[in-house]
Every structure is written in C-alpha cells, then in structure tokens.
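Report on one structure; see the data block that follows.
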Amino acid sequence: MPIRYLDEQRLFLLETDRTAYVIYLAEHGQLLHLYWGEKLVFPADYPGPPLNHAHSAFNTWGNDMAAEFPVPYNVQEIETCLRLRFADGTRDLRLKYSEHIIDGDNLAITLKDEFYGFTLRLVYRVYPECDILTRRAEIINSGQEIIRLDEVLSGSVPLPYDRGDFRLSHLSGTHVTEFQLDREPVKPGRKVLEGRQNYTGHAHNPFFALDLVDSQGGATETGGEVWFGGLQWSGNWKIVVEQTRSPLKRTRVAAGINDWDFEWQLWPGQTFETPWMTLGYTSAGFGQVTRNLHRYQLAHILPQDKAADLRPVLYNSWEAVLFNVNETTQMALAEKAARCGVELFVVDDGWFGAREHDRAGLGDWTVNPQRFPRGLQPLIDHVNRLGMQFGLWVEPEMVNPDSDLYRAHPDWAYHYPNRVPTEARNQLILNLGRLDVQEYLFGVLDGILSKYNIDYIKWDYNRAISEAGGAQIPAGNQREHWVRHYQGLYRLVDRLRERHPQVIFENCSGGGGRVDMGMLSHFDQSWTSDNTDPLDRLAIQQGYSLVYPVKTMFCWVTDMNQNAAPYSLRYRFLSSFMGGLGIGSNLNHFSDGQIQEAAYWVAEYKRLRPVIQHGELYRLLPLNAETEQQDSFAVGYVAPDKSQAVVIALDRRSHHWRNPRRLRLPGLDPAAHYRLAGDVADREPQVLSGQAIQARGILPKLEGELAAALITLTRES
Ligand code: DGJ
C-alpha cells in the first residue's frame, strides 16, 4: 500500500518504490513535515516529531519551519502557502486536522479553521514506479462571506536540515537561448524563480533540483542525492528556495501560482484548486532525476491518447520562407519534403487573413485568398497524395489591431480603458478568461479542423503581456485574469482535442517560452527554440530534456548557422536526432545529392526512433559550467527492454588534436552482449557486454571538422 496512516505514531506515510514522504499529525491538529527521502524498510525508523527550537522572542523556528503547509499564523518568517483576508479583515488562519481519506494512490487531508468557515484540503498522489509524488491544495470557502485570496501556493517542503549544504540547479534563458542549466549554492535568504508575464517564460522554467553537497562535491549524473520538482502550470508561477542561517539552518522549497498581482474572490461554497506541484527524490544523481520525470510525464502528464505514439517527422518552411507561403511554393516544398521521407507537412504563419507580415491579420482565421485562391484543399490533397499528413500553424490567443476581429471586438483584448495598449510584435493578447472569447476561438478552430483533413496544429504564443485589464470585469476581479486565462486555454484545447482526436497539438511560444507540465498535459509536443543552430541547440536541448520527455522536444534541421561553423548535414541531423525530428531547411536550395542524404538520415531516424523517443535518456558527456571547455557532447538512449541503444556524440569545436573520451553508457543488461554498429573508432571491439559498455566505455569515431557520430547497440544474447 503506497499510502498509509499509522494511527499510533500519527504518521501519514506516502511511499513510492524507492522514496518516502512522511507527515506527522501533531497533537494540536497541525500537520508537520517529517521526512522526504530514501524509503526505509521499517516505518518505525522514520524520524519522530521535530523538537521545537524556538529560542527567542524573535523567531519561533522549529515546528513552524516543519509546517506541511505554512500559513500566516503566529510567525510569518518563511514563505507561506496561503495569504487571505476574511470579510472582517482577519488575515491569519488557525487550521486543525478534521479528517482524511486514503483512496489507493491518493490521500486527502482536510483541515478547518477553528473559527471561520474555511476548509483546506491537502491532496497528494503517489506514482510508485516513477518515484514521484504530486500535491496540491484545495481552498474551500465553507462560510457565509466572501474570502479574498492573496496567495495560494501548491505546496512547500522542508529539506533535511542535518545533512549538509544544498546546490540549486534550474533552467534559465532568453528567447533563442532557452533552458540553460544554472547551478548555484543555496545560501541564507530567498531565491525566487518565477514567471509573471502571463506565460511560463523564456527567462525561467518551473523546475528545481536541490542536490546535497558534501566534501566530495555535489551530485553527478550517476550518483548523489537530489530533491527535485516542478509545477503543472503555465500562467504566472513562482518557486521559492529559502534558507535560514546556521545554527538553525533550514532549507525549504515552495511552488505555486505567483502571488504577484494575484487576487481571487472566493465566494461561499466555492473551491479554488491550485495546480499540482511535482516532487521527487533520488540518490542516483541527475540522470535519474531526468528518467523519473520522463517516466512520470509519459505515463501521467502527456495526453494519454497519443502518449505512446511515435511522433512523425515533420517539415515546416518557417525558417526557409517566413511569411511567403502560397499554394505554389508550399506544393513545391511538399514534393521535396516527401522525397526526404517527411511524414507531416506543416504550413506555418502567413496562410490566413491579411497576414502577409506580422503587422496584420492575427485573429482572422480564414484562408488568405491571394495566397491560396482555391482554399487549402488543393494543397492538402497534394500533401496527402504525397503520403504525408497536413498540419497548420495558429496563434489563437493573439490579435493584431489591424484585423477584422479587433475592429469588431476591441474589448476582447486585455487593456485598461484609459491607456493606449502596448503592442509587442504588433499584437495584443485576447482575454481567454472570457467565455465569449473561448466560444469564438472554439468555433473558428473547430470550423477549420472540421472542414479540412488536418492532423497537427502548431499553437503559438508570441508576446509577454501588458495592461492586464479587461472590459466587463469588475475592478475587484481583474487580478484573477492570470489564472482565468489558463483555465480558459486548457479548457479550449481539451474541447478541441475531444472533437478532433486525430490532431497532434504542438505547443510553441516564440520557441520554448511556454514549456511546462501544464502545457504538456494538454499538448503532445513542443517547439523547443527559434535558435536552430545545431551547436547552440545542444545546451538548449540538454536543458529541455533534463526535465521534459525527449519525444515532446522538437528539433529541426535548418540552414541556420550562428557560429560560422562548418556544419555538415550529418552534424545537423544528429544534433536534431535528440528529440522529435523536423526539417526546416529551404529544400528548394538542396541539390539532388543533399535531398538523398537527407532521405538517408530521415530513414535512419525512423529506424532508431522507437529507442530515442521511448528509451531512457543518459547524458554521457553533459554540458555544464564545469565542462564548458569540453570538446564533445554525447547522449545515449536505452530501449525500455534493454535490447537496443543509440549513442550520439558531437564535437563542440573544430580542432586538430582531440582528446577522445570513451562513452560509458549505463542502463544496459550487464550480462548481455551487444553488437556495436556505426561510428565506432577503428580497432574497437564490435561486441561488448553491457557491463563492459558501462565500465570500460566505447570510443566513438569523431574525425574531421565538427564531427558527429552515431552508434547503435543491439543485444545479441
Ligand atoms: C514563433 C515560432 O517560434 C516560429 O517557429 C514561427 O512559428 C513564428 N512564431 C511564426 O510567427
């Protein structure tokens, strides 16, 4: 039983295959966090209730620092999960345990305020085989008067305080440098990672990993203790890592909807549900963090109707022709894409309304008659006849002021009545919290998907918000937009998915600006970055796939070269093999020989795709601050049944003298023998045991400028 309540010890025990999370029900009815870490064999071995370390009138550390869900009470020293105002102005809570329900892998603990009609339900779910636990809070107004919520986080967890120092790993970036791995020591004070521009953000991603640093250093790819987590939310979010100073050093991490400019009016009888916070622990290093998160998301986050499907190889002409899409150019490109073996042909921005540039047309989702005088049908027929599926780009949450939609409904865009709305990329954001906006978008998108044979939608979102106000919404409710927008978006996408179950939905936001477990629970895959330079991509893709599943990370082969580097087509393809494969090059500029070479690589990708998309990921030569000077980068994918593996190694610089490094791939069957094929260095054995591949390693053949190697391993016995 993964969840138990031990009456005598007053313990809630939440266990996965290898981890445990323990909550203590204190005598006064408060919930205290006791333990999060390695699972122990005997429940009696989990640590007992914490001692109250309060030692002066200025701090009451101890029990409060161990609170399972800190709320404003007698101290407000740490990040609280809840801030609210009762109708009479009271702003604290006295919560006491009321009841709990254990239902299989789910636990709900209910607490009630000792005076006001206020109920808090803490809900937990365990995913034993993924070693993941999720939690959220349900805030219930069980009284007669309105309650104003000023902050509602999903949860907050203390880390072990008697083990040593922690180091924080997180992902930061900008447009075109998304998902860069940052590592820094946790120090006294607060570190806030957040998004507050109405989308996840290019700047930070809702993910944290806290590894234990001892005299040997911190965790590695293959060893060391790491506590990690994320948030299933795409609107404004925050993760707070905070630490108090020794001698009473305590470290906590809290996550949830950002309280910046947030407010929610909770009417009697209403419930506010926070997003899920994801939590995991491993003693097997950062590699295991990734594999546990991937396993969890594949089985429980991604829309399950397509989670197990292999993602098709796509072509998208955005980088090749930008807005210059029309029937003739797209048909010509489709023919070349089909020769390359592409399975899904996508028409990006520029097919609709007056959208011949980014200054007009957003919002008018009707086919542009100059560009497609016969509508989209002839192009779709052509693409289908060539054996490919057809996909379309949309950006439904946006509107250009120069559009029929905006002229008809200027008040549908976020704005303040007495301010000139600030445009970014000449566009404004539609208020998706409004039911009429949701209905309009459902109508037009459902219309397009019903009319045409469309198998894929790329759903873009290309600006940060400004003037987050709205007409018809009382001034007192306007700070609810941040949440209502995403409730509306998720609902809209789910309705479309239900009506058009064949459609793959890809999430995009100026590259990877809106990638999180919230989007991935409604979308099948993501666009990773507008930077498609194959070398720059290595760090971007490494960061993305540190957290999010490989099959959701789309990687295109394009003509981009930010580094004036001598990239071969082989290099471009192998860099893009690390996720879902796409081609974005201008195929009209490809020679016959290049088309044939592209076809070879696409066929190779399709052959290896089951291992890459469904295998377990191992970073063999990872990139981080310490390895910045490293010559090459390498990853490996091991099939779930360990029968096959794929290793990709890429040079990171051109050089005459290289320091060849053996790639040690764990995860194979140690007793089995594997045949090595592909770019293995000369004089290396062709067959090695799984144990030898892990312990001794294999040497890739990396020759020439910016070399790239692909090695496949197939079990023989
Ligand atoms: C931003 C996306 O990241 C690009 O791939 C492309 O779809 C453009 N938007 C189109 O405007």
Side-chain angles (χ1 to χ4, degrees), residues 173-179 197-203 205 234 314-326 329-330 333 337 344-365 368 371 390-400 402-403 423-430 445 454 456-464 504-516 519 523-534 536-537 540-541 544 548 552-560 562 576 579-586:
T174 63
H175 175 235
V176 305
T177 60
E178 298 90 336
F179 309 112
Q197 294 180 299
N198 204 44
Y199 76 126
T200 325
H202 293 85
N205 194 267
S234 320
L314 64 79
Y315 179 79
N316 180 313
S317 67
W318 171 253
E319 284 193 23
V321 300
L322 296 174
F323 290 100
N324 296 319
V325 292
N326 59 49
T329 57
Q330 293 294 300
L333 285 166
L344 166 67
F345 183 83
V346 181
V347 174
D348 208 280
D349 202 348
W351 60 269
F352 54 91
R355 187 74 170 175
E356 303 193 357
H357 39 66
D358 65 11
R359 298 185 298 283
L362 265 185
D364 300 338
W365 301 108
N368 179 302
R371 296 173 159 216
F390 182 81
L392 209 54
W393 177 97
V394 290
E395 194 177 0
E397 295 153 88
M398 300 287 170
V399 65
N400 283 125
D402 184 1
S403 67
E423 294 174 26
R425 208 194 188 202
N426 311 300
Q427 64 198 54
L428 301 172
I429 306 181
L430 293 176
L445 295 170
I454 293 176
Y456 159 104
I457 285 288
K458 177 177 173 187
W459 186 298
D460 211 340
Y461 182 95
N462 278 307
R463 64 160 293 183
I504 296 171
F505 281 84
E506 177 167 312
N507 151 46
C508 172
S509 174
R514 196 162 61 170
V515 176
D516 57 73
M519 290 308 273
F523 288 77
D524 305 292
Q525 58 192 49
S526 326
W527 180 222
T528 309
S529 175
D530 281 343
N531 185 346
T532 54
D533 175 284
D536 290 357
R537 266 295 183 126
I540 296 170
Q541 293 171 181
Y544 181 109
Y548 305 106
T552 68
M553 173 175 80
F554 263 71
C555 311
W556 300 353
V557 171
T558 71
D559 307 325
M560 191 180 280
Q562 296 291 329
S576 299
L581 179 65
I583 300 181
S585 289
N586 192 335

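Note that ligands are numbered from 1 as they come in the structure, with each ligand's atoms numbered from 1 the same way.
The closest donor-acceptor contact from the side chain of S234 to the backbone of M519 lies under 3.5 Å. With hydrogens and angles ignored, the 3.5 Å screen pairs no side-chain donor or acceptor of N368 with any backbone N or O of W351.
Taking 4.0 Å as the cut-off between side-chain N and carboxylate O, D402 and R359 do not count as a salt-bridged pair.
S403 and N400 are not linked by any side-chain donor-acceptor pair at a separation below 3.5 angstrom, with hydrogens and angles left out of the test.
Here the options are N205, N507, T200, the test is side chain to side chain donor-acceptor pair (under 3.5 Å), and the partner is D516; only T200 passes.
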Every pair of nitrogen or oxygen atoms between ligand 1 and the protein that is under 3.5 angstrom apart - can you list them with their distances to 0.1 Å?
| residue | atom | partner | partner atom | Å |
| --- | --- | --- | --- | --- |
| ligand 1 | 3 (O) | G511 | N | 2.9 |
| ligand 1 | 3 (O) | D530 | OD1 | 2.5 |
| ligand 1 | 3 (O) | D530 | OD2 | 3.2 |
| ligand 1 | 5 (O) | K458 | NZ | 2.8 |
| ligand 1 | 5 (O) | W527 | NE1 | 3.4 |
| ligand 1 | 7 (O) | D348 | OD1 | 2.7 |
| ligand 1 | 7 (O) | D348 | OD2 | 3.3 |
| ligand 1 | 7 (O) | W393 | NE1 | 3.1 |
| ligand 1 | 7 (O) | K458 | NZ | 3.0 |
| ligand 1 | 7 (O) | D460 | OD2 | 3.3 |
| ligand 1 | 9 (N) | D460 | OD2 | 2.7 |
| ligand 1 | 9 (N) | N462 | ND2 | 3.4 |
| ligand 1 | 11 (O) | D349 | OD2 | 2.6 |
| ligand 1 | 11 (O) | R425 | NH1 | 2.9 |
| ligand 1 | 11 (O) | R425 | NH2 | 3.0 |

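The aromatic rings of F179 and Y544 sit perpendicular, their planes meeting at an angle over 60°, well past the 30° parallel limit.
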